[in-house]
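The block underneath contains the structure these notes are about, expressed in structure tokens.
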Amino acid sequence: MESMFTKILLALFLPGLLVVLFTRITFSHIVALILTVSLITASVYAGYTHTWLLYIVDALSLTMGFWYATRMMQRGKREDK
């Protein structure tokens with residue numbers, strides 16, 4: 001049970017943080033989302049993610065991370081003007 005709790009906790013925070021991190025590195029929230037989705041796809045293929053609950057939590061975290069990265073990019077563009 002601890003293993004499932006750990007996976008849910010990581011799925012809740014890690015994809016969103018990865019989107020924000022990749023956005024800071026690539027300066028594009030779209031590229032960051034694609035990179036993060038490809039990493040999650042690789043983890044699914046490797047067998048680390050195997051329940052629907054983890055898929056849903058990953059998708060929620062991706063959505064929140066993408067939303068925050070989009071706001072971050074818009075705020076940066078406004079400050080540049």
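Here the structure is a predicted model, which is why all the values come from computation and not from measurement.
Atom-to-atom distance recorded for L17:CG and S61:OG is 7.0 Å, nearest 0.5 angstrom. Taking CD1 from I30 and CZ from F22, the interatomic distance works out to 15.0 Å, rounded to the nearest 0.5 Å. Atom CD1 of I34 is separated from atom OG of S28 by 7.5 Å, given to the nearest 0.5 angstrom. Expressed to the nearest 0.5 Å, how far OG1 of T23 lies from CZ of R71 amounts to 14.0 Å.
Residues V19 and L35 are not in side-chain contact: their nearest non-hydrogen atoms beyond the backbone lie 4.5 Å or more apart. Looking at I40 and L62, their side chains come closer than 4.5 Å, going by heavy atoms from C-beta outward. Taking 4.5 Å as the limit, every side-chain heavy atom of I56 sits out of range of all side-chain heavy atoms of L60.
Nearest heavy atom pair, residue A32 against residue T26, reads N-OG1, 4.2 Å.
Put simply, L54 and F5 are part of the same group of oily side chains (I, L, V, M, F, W, Y) that touch within less than 4.5 Å, one to the next. F13 is connected to L53 through a chain of hydrophobic side-chain contacts under 4.5 Å among Ile, Leu, Val, Met, Phe, Trp and Tyr, so both are in one cluster.
F66 is linked by a ring pair (Phe, Tyr, Trp, His ring centres under 6.0 Å) to H29, counting only residues two or more places apart in sequence or in another chain. For Y68, the side-chain contact (heavy atoms from CB on, under 4.5 Å) test picks out V20, M72, R75, with sequence neighbours left out.
Put simply, the residue from L18, V31, L14 that forms a side chain to side chain contact (heavy atoms under 4.5 Å, CB included) with T36 is L18.
Among residue pairs with one or both ends in residues 40-51, those qualifying as side chain to side chain donor-acceptor pair (under 3.5 Å) are K7-H50; sequence neighbours excluded.
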